[in-house]
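Just so it is clear: chains get the letters A, B, ... in the order the sequence lines come, proteins before strands, and each one is counted from 1.
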There are 2 protein chains.
Amino acid sequence: MTEKKKLSRNKILKELYFQDSLSCADLSFKIDKSFPVTAKLLEDLLEHNLVVESGYAVSTGGRRPLIYTLQQDVMYLVSVAMDQYVTKIAIMDMQNNFVSPIEKIVLPLPDNPAALQVLIEKIQMVMDASGISKEKFVGVGIGMPGFVDVKKGVNYTFLQLPDNKSITRYIAGKIKVPVFIDNDSSLVALAELRFGAARESSNAMVINIAWGIGLGLILNGELFRGHEGFAGEFSHIPLFLNGKLCSCGKTGCLETETSLQLIVEKAREGVKAGRTSRLSSLKGDDLEQDCDAIIEAVKNGDQFAIELFSKAGYNIGKGVAVLIHLLNPKIIILSGRGSSAGQIWQAPIQQALNEHCIYRLYESTSVEISTLGNQAELFGAAALVMENYEHIPAIKIHPFSKHEEQVKVGE
Amino acid sequence: MTEKKKLSRNKILKELYFQDSLSCADLSFKIDKSFPVTAKLLEDLLEHNLVVESGYAVSTGGRRPLIYTLQQDVMYLVSVAMDQYVTKIAIMDMQNNFVSPIEKIVLPLPDNPAALQVLIEKIQMVMDASGISKEKFVGVGIGMPGFVDVKKGVNYTFLQLPDNKSITRYIAGKIKVPVFIDNDSSLVALAELRFGAARESSNAMVINIAWGIGLGLILNGELFRGHEGFAGEFSHIPLFLNGKLCSCGKTGCLETETSLQLIVEKAREGVKAGRTSRLSSLKGDDLEQDCDAIIEAVKNGDQFAIELFSKAGYNIGKGVAVLIHLLNPKIIILSGRGSSAGQIWQAPIQQALNEHCIYRLYESTSVEISTLGNQAELFGAAALVMENYEHIPAIKIHPFSKHEEQVKVGE
DNA sequence: AAAACTTTTTTAATTATTAAAGAAGTTGTT
DNA sequence: AACAACTTCTTTAATAATTAAAAAAGTTTT
């Protein structure tokens with residue numbers, strides 16, 4: 001089979017992963033090949049048991065199309081979602097199911113030279129524990145905070161190797177499976193684009209409400225990364241004149257007025273100061289636990305918790321107003337950990353838009369809460385692998401040599 | 001000739017317009033067709049006298065390529081650049097030369113129901129006066145302020161027809177030549193992308209320093225317009241807490257702290273208040289004249305004028321910091337009328353970036369002053385026509401499924 | 001219930017692409 | 001300086017893909 005045919009074949013598998021079941025006509029359109037060629041490729045895939053016919057679709061006025069689906073149990077993905085403190089590792093099948101328990105490990109990234117080694121060991125461990133044979137793994141997708149260069153496979157903030165060598169190549173060399181990395185917020189956006197609220201929108205802003213406020217931009221139907229891959233630095237746009245020092249060294253960043261970290265801090269302060277609230281029993285040492293507790297309090301109508309979220313929401317809204325002016329998106333999606341607080345975000349954000357946005361611009365922009373919630377990054381990491389799947393055959397790792405070959409992934 | 005062949009043929013003409021002279025190999029690559037097909041199309045274009053061979057290019061280590069150029073005197077463009085007060089109309093050839101004097105007319109757009117009729121008459125007049133036969137005009141490109149829907153051909157702010165009917169179709173119906181419209185700042189960006197400083201950059205932010213502060217976004221090598229075509233509303237992002245009322249009805253917009261209009265107003269106030277300066281003889285009734293006078297004063301080292309531009313520049317820089325954070329561009333281009341003030345902008349903008357931008361993000365972003373200056377919009381309007389040249393006959397429809405009929409015009 | 005229309009699939013005809021060969025230059029070596 | 005070795009562009013022949021036509025399987029209309 002020629003290299004070109006392989007590309008088309010992989011494109012079919014990729015489309016079937018994202019769409020679950022498609023007809024030959026649909027696939028022909030999506031992979032931009034003629035019907036006869038697509039049919040021939042499908043025939044081959046059926047023979048090799050990678051694809052199965054799964055009945056007929058309902059007729060739309062003519063002959064019913066044969067529907068194709070990915071064969072189960074032949075391909076698996078490893079998805080890894082990291083934040084500054086905790087890392088989750090999961091194994092997923094082609095139908096987007098978790099096939100092993102999600103492994104959650106405490107792995108602080110700042111000032112931790114051992115982090116990369118630990119990560120590799122844990123990934124290896126989860127893969128081994130799954131009992132799935134190595135050749136069935138398509139690849140590993142990893143989402144991580146920091147300035148990530150997707151093409152080079154480098155994170156300039158965490159998990160660095162000497163001379164900024166590619167960590168994707170490094171990890172792939174160890175576990176013998178292709179590896180892809182991306183910024184955490186970008187992967188949340190990718191998840192929303194492929195499986196979530198942005199599915200029908202070619203222009204969407206996905207806000208990743210987490211310890212910081214991340215942003216993934218969906219422009220013209222695809223994830224936008226910018227010149228060096230750093231686009232979406234929403235957290236640090238200079239929007240306030242509050243003089244508050246930010247972690248980045250500047251003042252007035254969006255992050256200084258809104259983030260889950262800030263909410264937890266403020267909640268702890270409030271409790272210490274004797275504020276009446278359901279939150280009075282906050283642990284005060286575990287960020288994740290406290291955050292979950294506050295979100296739970298919001299849902300139970302706790303006034304203090306609601307006040308904190310409303311203020312944070314209003315400030316996110318001020319940032320969203322900027323996004324709407326600059327990029328005229330169809331939809332704003334609130335995703336990531338914080339989105340599990342639900343509809344509480346709507347009112348304050350809408351209020352900020354009323355005050356700071358030109359009506360003509362935001363009247364046709366909707367604000368929605370993600371249904372993927374806390375698991376968005378894991379879905380996104382899996383999607384990242386399949387996003388690159390068509391190029392994977394170009395990756396070759398020598399089984400006996402430690403010297404990695406030139407790897408060309410995407411563009 | 002089939003429809004598909006026509007598309008490729010037109011693509012060749014388009015590429016030759018933007019690149020002036022190209023080899024068959026270059027064209028084959030650019031129009032995404034094989035060498036034999038491209039060669040055959042070129043043969044046909046030579047026969048029909050639309051293209052000429054213009055000698056050989058220097059060898060790059062092998063056989064010298066034959067170079068093709070557009071035939072002169074067979075195709076012309078009408079380009080129209082409007083602002084709120086003044087409209088310029090020009091006729092250009094395929095080599096980007098003005099072939100008739102630029103017609104400048106005073107045509108206020110706000111609250112002027114007659115504006116559209118006047119515009120059509122003047123375009124007609126300029127075309128007639130040129131003595132060029134009608135069938136040689138490829139199309140009319142018009143840049144205008146306001147919320148412009150490029151696809152529908154509607155401006156929601158000015159020049160409206162009843163029921164928001166398409167003004168492009170309306171004008172085209174009258175003058176019998178295809179018409180295209182776009183937002184003024186988008187066309188300035190297009191000009192920079194095709195003929196100016198953004199030529200080598202697939203990610204550029206083009207700031208249109210005019211009576212307001214416009215923005216055209218070049219993302220992934222093409223002009224980005226957003227969901228409804230309104231992207232780039234830079235002027236009204238809420239960046240200040242100054243309480244100053246903006247023309248849009250809100251307060252704190254970027255426009256309230258920087259624009260040529262503001263500079264002229266401040267200069268007039270300063271002069272009235274007796275500020276010592278070369279500007280003391282400002283007319284005070286003609287915005288354009290006064291603006292030119294102040295820019296002249298800047299170049300002659302007038303302290304007051306420089307102070308005004310420095311402050312305005314710093315505030316533009318604050319906005320640019322937001323752009324860099326969100327979109328990680330390779331280059332920021334200062335264009336439009338105000339760019340003729342030259343290097344004066346550099347220092348205050350760089351200062352604002354130092355203060356408000358994460359170093360990692362702006363260290364590799366350059367800020368440049370346009371060389372197209374005041375004529376950028378006219379070049380952009382001409383480019384707009386050729387940008388659409390190939391698409392006029394080409395509409396792609398899903399050949400199999402009724403539901404997914406997609407009209408794809410440009411991407 | 002049959003004719004007329006849709007849509008998918010198969011096949012045959014057409015067209016474009018890739019690979020191979022040739023032409024025109026440049027570069028490097030003896 | 002001469003000639004082999006390498007580039008790059010152009011032409012041609014072989015191969016592969018696309019489009020058009022025909023057939024198959026439904027749905028809708030009369």
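- For Arg199(A) (side chain) and Leu193(A) (main-chain N/O), no donor-acceptor pair under 3.5 Å exists by modelled atom type.
- An OP1 or OP2 oxygen of dG25(C) is reached within less than 4.0 angstrom by a side-chain nitrogen or oxygen of Arg64(B).
- Separating the CG atom in Leu16(B) from the NZ atom in Lys30(B) is a distance of 10.0 Å, to the nearest 0.5 Å.
- When the nearest nucleotides of DNA chain D are assigned to Tyr56(A) and Pro65(B) by heavy-atom distance, the more 5′-ward of the two goes with Pro65(B).
- With DNA chain C read from its 5' end, the first of the two nearest nucleotides for Lys33(B) and Leu66(A) is the one closest to Leu66(A).
- Position along DNA chain C of the nearest nucleotide to Gly62(A) versus Phe35(B) favours Gly62(A) as the more 5'-ward residue.
- Taking atom NZ of residue Lys5(B) and atom P of nucleotide dT18(D), one finds them 17 Å apart after rounding to whole Å.
- Rounded to an integer number of Å, the gap from Leu41(A) CG to dT9(C) P is 15 Å.
- For Arg63(B), whose side chain is taken as the heavy atoms from C-beta onward, the closest listed nucleotide among dT26(C), dT8(D), dA25(D) is dT8(D).
- The OH-P distance, from Tyr68(A) to dT8(C), rounds to 12 Å in whole Å.
- With rounding to whole Å, Asp26(B) atom CG is found 12 Å from dT8(D) atom C1'.
- Among the heavy atoms of the strands lying under 4.0 Å from Ser34(B) is at least one base atom, whether or not backbone atoms are also near.
- One atom, CG of Leu27(A), and another, P of dT7(C), lie 19 Å apart when rounded to the nearest Å.
- Side-chain contact check for Asp93(B) versus Leu70(B): every heavy-atom pair is 4.5 Å or farther apart.
- Taking the side chain of Lys4(A) as heavy atoms from C-beta on, and the options dG25(C), dT18(C), dT18(D), the nearest nucleotide is dT18(C).
- The side chain of Ser59(B) has dG25(C) as its nearest neighbour among dG25(C), dT18(D), dA16(C).
- Nearest nucleotide to the side chain of Pro36(A), out of dT11(C), dT7(C), dT17(C): dT11(C).
- Of the candidate nucleotides dT10(C), dT18(D), dT10(D), dT10(D) has the atom nearest to the side chain of Cys24(B).
- Taking CE from Met94(B) and NZ from Lys14(B), the interatomic distance works out to 13.0 Å, rounded to the nearest 0.5 Å.
- Residue Asp32(A) contributes atom CG, which lies 14 Å from atom P of dA17(D) at whole-angstrom precision.
- Between the CG atom of Leu7(B) and the C1' atom of dT18(D) there is a distance of 16 Å, rounded to whole Å.
- There is no side-chain donor-acceptor pair under 3.5 Å between Asp20(B) and Tyr17(B).
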